[in-house]
Amino acid sequence: MIEKEKISSFQMAVMMFIAVLATGDLLAPAIAVRAAGIDMWLSPIWASLSGFSVVYICYRLHKLYPNETIIQYCVSILGSILGKTAGLLILFFLLHDVGVIIREYTDFIIGHFLPKTPMIVVLGSMCLVCAFAVRGGVEALGRLALLFVPVVVLLWVLIVILLIPNLQLELILPVMEKGVGPSLKGAIPLQSWYTHLFLSAFLLPSLTDQERGMKRGMATVLSLIIALTVLNLTVLLLFGEVTVSLTYPVFEAVRYIRLAGFFEHLEAVVIAIWVLGGFVKISVYFYVLALGASQWLKMNDYRPLVFPFGFMIILSGFWSASNIQELSNFLSTIAPFYLSTFRLAIPMFLLVIAIFRKRFSGEH
């Protein structure tokens, strides 16, 4: 099936921006500091190479197969049997991936705000709300992203500005005392966040201005470099080496905000950012999963699959990890290689095969 609803390239860029920032804002600093130490603020810059690569690869594939998503051109490139198998593997990956994302959201909410609430309540309520949004179509998701992302960005800017009086510039020194190695090690887990731009492989066929797809994607990566670097730098200048002992450094940083003796306890701002960003991110992943499955099954509409997949996403969220420590360890060790295999290596392999076929088999 070809999705009839359309979005602009700017809407796609905003959706991908929040897909990275929604969980990277709280988790990325803690993961980067374990490997990079005080050079953690440099890691988002080196890690961005994977983001630029994913955008370029997905756009090149889109130019070769302009009306197909990755599930569809897997068959066009690899043939029926291998293509269907590759598409099925990608769908299973997406199901597990969105399960990990919703589990990250749930663990944070339960751990800091609703400690006595059963996990099924938080998982199920978010999944249900996202399911209704997904049934609204990609156009509705694009509009929701445009509505929520400015709020998320402005709240983060406000938090950073209010933290400036507490920052200590000397904590950044010495810069690269042990060379570039530590910051590159910190970039390894962070690069998996940039590969969320793999979502463009599903969204590009729905653009009204497809020729601007790569330009918007590259601009998204640049915006993410600035956002993640600023957040990492803020955490470093506030906590220094103590950051390594914190699970959610940015959340802890908000507790330091005090203005005029009454403007404090802004944890509610963080929960607002987390809920809004998580809602958009989970919805986009939910959408591409349902859309890809309907294309794999050659259905005319993805909507009948939304609620069944919602149940499967809840199960995936339960099975993703037993606790936040296990999940954090997965994200900092196994995940960078596991996620990059599906989001970067497989599209790269498809592009190489597609170019080979186009050049040597006489296809046009």
Side-chain angles (χ1 to χ4, degrees), residues 18-32 34 88-131 133-134 188-199 202 246-248 251 271 274-275 277-290 292-293 305-346:
I18 201 65
V20 178
L21 194 64
T23 51
D25 48 11
L26 292 185
L27 293 170
I31 291 175
R34 293 174 189 171
L88 186 61
L89 289 174
I90 292 172
L91 291 175
F92 273 112
F93 163 74
L94 288 172
L95 178 61
H96 178 248
D97 203 7
V98 72
V100 171
I101 293 167
I102 201 169
R103 181 58 184 268
E104 292 171 358
Y105 163 84
T106 302
D107 282 343
F108 177 75
I109 296 296
I110 292 177
H112 291 84
F113 296 95
L114 302 172
K116 296 183 179 181
T117 303
M119 184 179 295
I120 184 63
V121 175
V122 181
L123 272 172
S125 58
M126 175 56 88
C127 198
L128 181 62
V129 173
C130 291
V134 171
I188 293 175
L190 290 193
Q191 57 85 28
S192 61
W193 262 280
Y194 286 96
T195 57
H196 281 299
L197 278 80
F198 164 75
L199 291 170
F202 292 88
L246 304 175
T247 303
Y248 300 105
F251 178 73
I271 192 63
W274 190 253
V275 171
F279 168 70
V280 174
K281 181 172 186 172
I282 294 166
S283 296
V284 174
Y285 264 93
F286 198 160
Y287 168 76
V288 300
L289 173 61
L305 298 176
V306 172
F307 287 112
F309 268 115
F311 177 72
M312 295 173 68
I313 288 170
I314 293 174
L315 292 180
S316 179
F318 269 108
W319 296 336
S320 295
S322 58
N323 52 57
I324 184 60
Q325 288 75 25
E326 182 179 319
L327 183 61
S328 180
N329 184 63
F330 167 76
L331 292 174
S332 60
T333 56
I334 301 172
F337 306 98
Y338 163 66
L339 298 177
S340 296
T341 298
F342 283 91
R343 296 178 187 163
L344 178 58
I346 288 180

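- Considering every non-hydrogen atom in both Leu331 and Pro336, the closest pair reads O-CD, 3.4 Å.
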| said: Using the rule given for side-chain contact (heavy atoms from CB on, under 4.5 Å), can you reason through Tyr105 versus Val275, listing the C-alpha separation, both sets of side-chain angles and the distance that settles it, and then say yes or no? | reply: CA-CA 8 Å; Tyr105 163 84; Val275 171; 4.1 Å; yes
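- Summarising the geometry, atom CG belonging to Leu339 is positioned 8.0 Å from atom CD belonging to Gln191; distances are rounded to the nearest 0.5 Å.
- In this structure the side chain of Val98 never reaches within 4.5 angstrom of the side chain of Val288, judged on heavy atoms.
- In this structure, CD1 on Ile102 lies 8.5 Å from CZ on Phe286, to the nearest 0.5 angstrom.
- Smallest separation of non-hydrogen atoms from Gly292 and Leu91: C-CD2, 3.6 Å.
- Tested against Trp274, the residues Phe108, Phe113, Phe279 include a single side chain to side chain contact (heavy atoms under 4.5 Å, CB included) partner, Phe108.
- Residues Ala131 and Phe307 come closest through the heavy atom pair CB-CE2, 3.8 Å.
- Using cut-offs of 30° and 60° for the angle between ring planes, the Phe93 and Phe342 rings count as parallel.
- In this structure, OG in Ser316 is found 11.0 Å from CZ in Phe92, a value given to the nearest 0.5 Å.
- For Glu104, there are no side chain to side chain donor-acceptor pair (under 3.5 Å) partners at least two apart in sequence or on another chain.
- Of the N and O atoms on the side chains of Arg103 and Ser320, not one donor lies less than 3.5 Å from an acceptor on the other residue.
- Leu94 is listed as a side-chain neighbour of Phe202, based on a closest heavy-atom distance under 4.5 Å.
- To the nearest 0.5 Å, atoms CZ (Phe311) and SG (Cys127) are separated by 10.5 Å.
- Contact record, Thr247 with Ala30: O-CB, 3.4 Å, taken as the closest heavy-atom pair.
- Within 6.0 Å of CZ on Phe330 lie more than 12 heavy atoms contributed by other residues, nucleotides or ligands.
- Ile314 and Ile120 get closest at one heavy-atom pair: CG2-CD1, 3.8 Å.
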- prompt: Can you check side-chain contact (heavy atoms from CB on, under 4.5 Å) on Ile110 and Met119, steps first, answer last?
  reply: CA-CA 7 Å; Ile110 292 177; Met119 184 179 295; 4.0 Å; yes
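- Leu114 contributes atom CG, which lies 7.5 Å from atom CD1 of Ile271 (distance to the nearest 0.5 angstrom).
- The two residues Cys130 and Ser283 have their closest heavy-atom pair at SG-OG, 3.4 Å.
- Note that CD1 of Ile109 and OG of Ser125 are 9.0 Å apart. Values are rounded to the nearest 0.5 Å.
- Under the 3.5 Å distance criterion, the side-chain polar atoms of Ser340 are left unmatched by any main-chain donor or acceptor of Phe337.
- Side-chain contact between Asp97 and Arg343 is present, with heavy atoms from C-beta onward closer than 4.5 Å.
- Taking the side chain as every heavy atom from C-beta outward, Ile313 and Leu289 approach each other to under 4.5 Å.
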Under 3.5 Å donor-acceptor pairs involving side-chain atoms of residues 18-28, not counting sequence neighbours:
{"from": "Thr23", "atom 1": "OG1", "to": "Trp193", "atom 2": "NE1", "distance (Å)": "3.1"}
{"from": "Thr23", "atom 1": "OG1", "to": "Lys281", "atom 2": "NZ", "distance (Å)": "2.5"}
{"from": "Asp25", "atom 1": "OD2", "to": "Trp156", "atom 2": "NE1", "distance (Å)": "3.1"}

